[in-house]
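Counting starts at 1 for both ligands and their atoms, following the listed order. Numbers here simply count residues along the sequence, with the first being 1.
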Amino acid sequence: MVKRDPPRLSLSFVTSNAAKAAEAATFLQALGIEVHPVVRRLPEPQSERLEEVASAKLDAASDVPGAVLVEDSGLFVDALGGFPGVYSAYAFRTLGVAGLLRLLDGYPRGAEFRTAAALRWRGTHQVLTGAVRGEIAREPRGTNGFGYDPVFVPEGERRSFAEMTLPEKSSLSHRARAMAAVSSRLRELLARPASGSSKK
Ligand code: IMP
């Protein structure tokens, strides 16, 4: 009898950030999902919620065929009432990591990285999330990764994300957790017949 491999899933990951695509690909490929990066800057609406931003980005990628994934992430610092949160990209460009450290001088360091991933698959539209708690380091450390990685130390670790290899970061990151949720949702969807659109 001929043994067949299980069908491979494949999806397009639309982003302007090559590092994000690489992280998502590392994680999803290990789960048997092929990731094709589509490099494009998608418009982001003003919203207080990452989920809404990710959902709007997915709508803006309506011309990309097949299964499509986009994501939006942010760093939510407890002592700053969740700032920069949905404004993380703006804060990174204007204040930078040094500005964030200055704002936090003398304050508790607790923070959370969050990702909202929006997936279009066979006419359905799903939003899945992932988060990791941690602390903002006193000074930047490490050269790997991107964005706030040099100042984010995930819970249970002494090293910042930027001091970890990509597989190490992906074993506990907000993005990897959102991708794990994407992967299990894809498998659930594959197991049932195609249906109408559902925003969750
Ligand atoms: P966006 O999801 O591309 O809008 O990202 C918001 C901001 O957070 C940008 O400045 C990113 O560089 C930063 N960011 C997003 N994900 C990560 C991450 O995994 N590590 C560090 N910074 C991140």
| query | Who's the nearest protein heavy-atom neighbour of atom 1 (P) of ligand 1, and how far? | reply | K20 NZ, 3.2 Å
| request: Would you please test K169 and D149 for side chain to side chain contact (heavy atoms under 4.5 Å, CB included) and show each step? | output: CA-CA 10 Å; K169 178 181 174 187; D149 279 345; 3.0 Å; yes
| At under 4.0 Å between heavy atoms, which part of F146 makes contact with ligand 1: side chain, backbone, both or neither? | both
| query | Does the Y148 side chain pair with the main chain of S88, one donor and one acceptor, at a distance under 3.5 Å? | reply | yes
| query | Would you say F113 touches ligand 1, if touching means a heavy atom closer than 4.0 Å? | reply | yes
| said: Applying a heavy-atom cut-off of 4.0 Å, say which part of H174 lies close to ligand 1: side chain, backbone, both or neither. | reply: side chain
| request: Compute the minimum heavy-atom distance from D149 to ligand 1 and say whether it is under 4.0 Å. | output: yes
| atom 12 (O) of ligand 1 - nearest protein heavy atom and its distance | G147 CA, 3.5 Å
| message | Below 3.5 Å, N or O to N or O, backbone or side chain included: is there any such pair between K57 and ligand 1? | response | no
| Atom indices of ligand 1, in the order listed, that fall short of 4.0 Å to a heavy atom of D72 | 1 (P), 2 (O), 4 (O)
| note | closest protein heavy atom to atom 16 (N) of ligand 1 is R175 NH2, 2.8 Å
| field | Under 3.5 Å: donor-acceptor pair, side chain of R177, backbone of S170 | value | no
| request: Say whether E44 and Y90, considering side chains only, have a donor N or O and an acceptor N or O under 3.5 Å apart. | output: no
| message | When you compare ligand 1 with E23, is there at least one nitrogen or oxygen pair between them that comes in under 3.5 angstrom? | response | no
| With sequence neighbours excluded, residues passing side-chain hydrogen bond (donor to acceptor under 3.5 Å, both in side chains) with S73 | E71, T115, R175
| message | One pair to check against side chain to side chain contact (heavy atoms under 4.5 Å, CB included): L104 and I136. What are the steps and the verdict? | response | CA-CA 9 Å; L104 266 186; I136 305 299; 3.7 Å; yes
| request: Verify whether one side chain among E52 and S47 offers a donor that lies under 3.5 Å from an acceptor in the other. | output: yes
| query | Under 4.0 Å from ligand 1, counting heavy atoms only, is it the side chain of Y148, its backbone, both or neither? | reply | both
| Atoms of ligand 1 close to K169 [distance to a heavy atom under 4.0 angstrom, numbered from 1] | 18 (C), 19 (O), 20 (N)
| Run the salt bridge (charged side-chain N to carboxylate O under 4.0 Å, His left out) check on E23 and K20 step by step: do they pass? | CA-CA 5 Å; E23 281 186 19; K20 277 187 181 184; over 6 Å; no
| message | In this structure, does ligand 1 have an atom that sits under 4.0 Å from one of the heavy atoms of L75? | response | no
| message | Apply salt bridge (charged side-chain N to carboxylate O under 4.0 Å, His left out) to residues R133 and D78 and explain how you reach the verdict. | response | CA-CA 10 Å; R133 285 212 51 88; D78 302 347; 2.6 Å; yes
| Atom indices of ligand 1, in the order listed, that fall short of 4.0 Å to a heavy atom of E44 | 4 (O)
| said: Only heavy atoms of S73, strictly under 4.0 Å: list the atoms of ligand 1 that pass. | reply: 1 (P), 2 (O), 5 (O), 6 (C), 15 (C), 16 (N)
| said: Tell me if a side-chain donor or acceptor on E163 pairs with a main-chain N or O of S160 at a distance below 3.5 Å. | reply: yes
| task | Considering only non-hydrogen protein atoms, determine which one is nearest to atom 9 (C) of ligand 1 and report residue, atom name and distance to 0.1 Å. | result | A89 CA, 3.8 Å
